[in-house]
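Written out below as structure tokens is the structure these notes cover.
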Amino acid sequence: MLKIIIPTIMLMPLTWLSKKNMIWINTTTYSLLISLISLSLLNQPNNNSLNFSLMFFSDPLSAPLLVLTTWLLPLMLMASQHHLSKEPLIRKKLYITMLAMLQTFLIMTFTATELISFYILFEATLVPTLIIITRWGNQTERLNAGLYFLFYTLAGSLPLLVALISIQNLTGSLNFLLIQYWNQALPDSWSNIFLWLACMMAFMVKMPLYGLHLWLPKAHVEAPIAGSMVLAAILLKLGGYGMLRITMMLNPQTNFMAYPFLMLSLWGMIMTSSICLRQTDLKSLIAYSSVSHMALVIVAVLIQTPWSYMGATALMIAHGLTSSMLFCLANSNYERTHSRTMILARGLQTLLPLMAAWWLLASLTNLALPPSINLIGELFVVMSSFSWSNITIILMGANITITALYSLYMLITTQRGKYTHHINSIKPSFTRENALMALHMTPLLLLSLNPKIILGFTY
Amino acid sequence: MNPLILTIILMTVFLGTMIVMASSHWLMIWIGFEMNLLAIIPILMKKYNPRAMEASTKYFLTQATASMLLMMAIIINLMHSGQWTITKVFNPTASIIMTLALAMKLGLTPFHFWVPEVTQGISLTSGLILLTWQKLAPMSILYQISPSINLNILLTMAVLSILVGGWGGLNQTQLRKIMAYSSIAHMGWMAAILVYNPTLTMLNMLIYIMMTLTMFMLFIHSSSTTTLSLSHTWNKAPLITTLILITLLSMGGLPPLSGFMPKWMIIQELTKNSSIILPTLMAIMALLNLYFYMRLTYSTSLTMFPSTNNMKMKWQFETKQITLLPPLIIASSLLLPLTPMLSILD
């Protein structure tokens, strides 16, 4: 695992020592090379994990997330080139340093064995993200967004720290490799109910769960493009990953403790999807769409069946790529019109036809068109929730319909129809932007050929 | 002040604390405290204005009262145990009175009222000495009597201090008052773990002193005592803004910076002693502290605060020398990976 971590750490000296005309080239190239190294982890020969050391391991759940993380860094760097082009050199280097630092923490989080180490790195990802959102965001609301982001996550995760330490006192070790074999049923008592809550609330806030999702539209909208990409694609999945790991220790309380959160998620996905239909702000629409997809993941994780775990993992990877691509597309609009309002930049298909093709593909994967992996994820979640309770099929069906509605609404508003008269002088699409979209779409389409890789450890 | 006189006074302050920390006779400890108090008064009054005089008077009155309470506790202990040696205190009354006296010296709630007012009235350097060096002597006595301290009183004072330190700092824009409330909150954390594992109190004290030293040095470098004047540093010395950001996040207890280490260790020790609600409560209340540190970072580092045009010109004054700032920055932000080394203390 050091073969990935040390090069990522060394990206930071690379940026500081690069010349002015080479910073983007150097960092993008080397981060692409690092993502190639991480691809070898996808070779998981058996159902056990690949243990690299006492501190790092990778198993069929964390390997796809790790590959997604390392794949996303060069994409973030490519996407940030335009809005940073006018900044002084030191600030560009600071920005890239923040991204590299965030990447290091994320890689270590996804591969940590010890749960306290996972916690520290989970919290550590907050600091660079906060700095990226607050320092390089564009509107005044970014200050409030940073505060909401930081405090929602911290207030949820401090009880997790206490819970992890008390579990360590009870069982003697928090090493994940040991715990999966030591597992005993958690006795039924009030304090264990609070233990369950303390363990799960941090990840519920991060996912986010419907009632605690207030930080997400703010943070996603106010962040610069790299911030939005990493937030949507990876940081939300930290919550899902944490939940998948920690629910293993929390049986049998999950059988009855999960009900309120299942209700909130099932209702919340309909609510947030419906809000998407009424949004005027493009990034806000994509942010609420993220909440809706993540609500599906919460439902899947709390049901705890093998199929639902497969669906959750596939949905996390698929949503990561799709959401990040949608944010890149929205950013390409923003860079041209400096406004996030959808109707101000409509009818783009006549002006930028290739970008319209990427918009089409992104919207189609967002609404889970077969045979994309989005469909596989959603379908598995719908099937397993139907087997858990027959009535959920109504809510799931409604959600899929509304998801299709708002995805097509977004596509039609931005791409079809007559273009507004004030945007006929926008710049054509850059090769960088087209490359960015292609690099998002290609893994998504290729994975639909072999989705076994992303189906997680219950395959 | 005449350098020779300043040297003598600072040496007396130093000697007072050393006498407190090194003595085994209770009377010598009281003498050490008094020596420390009398010598620090001219330091507090370095700027000769009425505000500084008021601050020094308040400090003198509270500390003298605390010393007298300490003396009373010593005498009661003498009456019941017949000895002047420092070990644990043998009588519960004496123990309670001594704990209250030392809490008054440290600035724990409900004896915290003097800390913001005194810190505000004095210059930055004197405030630095007040909030770091002056905490060493009372804390060392608390460490030595820790087996006999009444747990209920100490924990109540600790939790209330964390609350007061968090809430009181929310409405402040003056940097010295912010540091004072931060000091109250950190003293609360230190007091909470004192009975269970005094070594962690010392660890927290060490890291707190390093972080406070760093903050004060950065404030002295930019000669700023209000949030508004601190927000001009991005014009003059942009690197200072980054260092302020890192140190403030560390004081707020965010991983992966070293300010997280004492909080983590304290939560671990408290949990091992079967108290779960208390560390959860303390950790949540530390978020209040984080809020006003974040507000400070927002105006200083994370935004380019609007300023008038004449603030943007750089005056070529001779650069101030900041003693030991780089090692302090490293110590106050990057020590977290060294946490496994704490096992050598077993």
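Reminder, nothing fancy here: chain letters follow the sequence lines and each chain counts from 1. Hydrogens, waters and symmetry mates play no part in the numbers below; they use all other heavy atoms, side chains included. Bear in mind the structure is a predicted one, so any value in this text is a computation, not a measurement.
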Rounded at 0.5 Å granularity, tell me how far [atom1] in [X] sits from [atom2] in [Y].
{"X": "A/Leu231", "Y": "A/Glu222", "atom1": "CG", "atom2": "CD", "result": "12.0 Å"}
{"X": "B/Leu239", "Y": "B/Leu218", "atom1": "CG", "atom2": "CG", "result": "9.0 Å"}
{"X": "B/Ser333", "Y": "B/Leu243", "atom1": "OG", "atom2": "CG", "result": "8.5 Å"}

Minimum heavy-atom distance between A/Leu212 and A/Trp215, given as atom pair plus value: O-CD1, 3.4 Å
Within the 6.0 Å centroid threshold, strictly below: A/Phe56 and A/Phe52: no
Would you say [X] and [Y] make side-chain contact, with heavy atoms under 4.5 Å?
{"X": "B/Met285", "Y": "B/Trp167", "result": "no"}
{"X": "B/Thr225", "Y": "B/Phe219", "result": "no"}
{"X": "A/Met243", "Y": "A/Lys206", "result": "no"}
{"X": "A/Leu236", "Y": "A/Leu216", "result": "yes"}
{"X": "B/Thr300", "Y": "B/Phe305", "result": "no"}

Selection from A/Leu164, A/Leu150, A/Leu121 maximising heavy-atom pairs under 4.5 Å formed with chain B: A/Leu150
Among A/Leu130, A/Leu143, A/Ile131, A/Leu154, residue most engaged with chain B (heavy-atom pairs, under 4.5 Å): A/Leu143
Residues in residues 195-204 of chain A that sit under 4.5 Å from chain B, counting heavy atoms only: none
Positions in residues 88-117 of chain A that reach chain B, provided some heavy atom is under 4.5 Å away: A/Arg91, A/Phe105, A/Ile116
Heavy-atom contact with chain B under 4.5 Å, split by part of A/Val127: side chain
Chain A heavy atoms under 4.5 Å from [X]: which part of the residue, side chain, backbone, both or neither?
{"X": "B/Leu257", "answer": "neither"}
{"X": "B/Leu254", "answer": "side chain"}
{"X": "B/Leu290", "answer": "both"}
{"X": "B/Ile284", "answer": "both"}
{"X": "B/Phe260", "answer": "side chain"}
{"X": "B/Thr297", "answer": "neither"}

Geometric cation-pi criterion, A/Arg245 with A/Phe118: 6.0 Å, 45°: no
Main-chain N/O of A/Asn144 paired to B/Tyr298 side chain as donor or acceptor, under 3.5 Å: no
B/Ser301 versus B/Thr241, side-chain donor and acceptor atoms under 3.5 Å: no
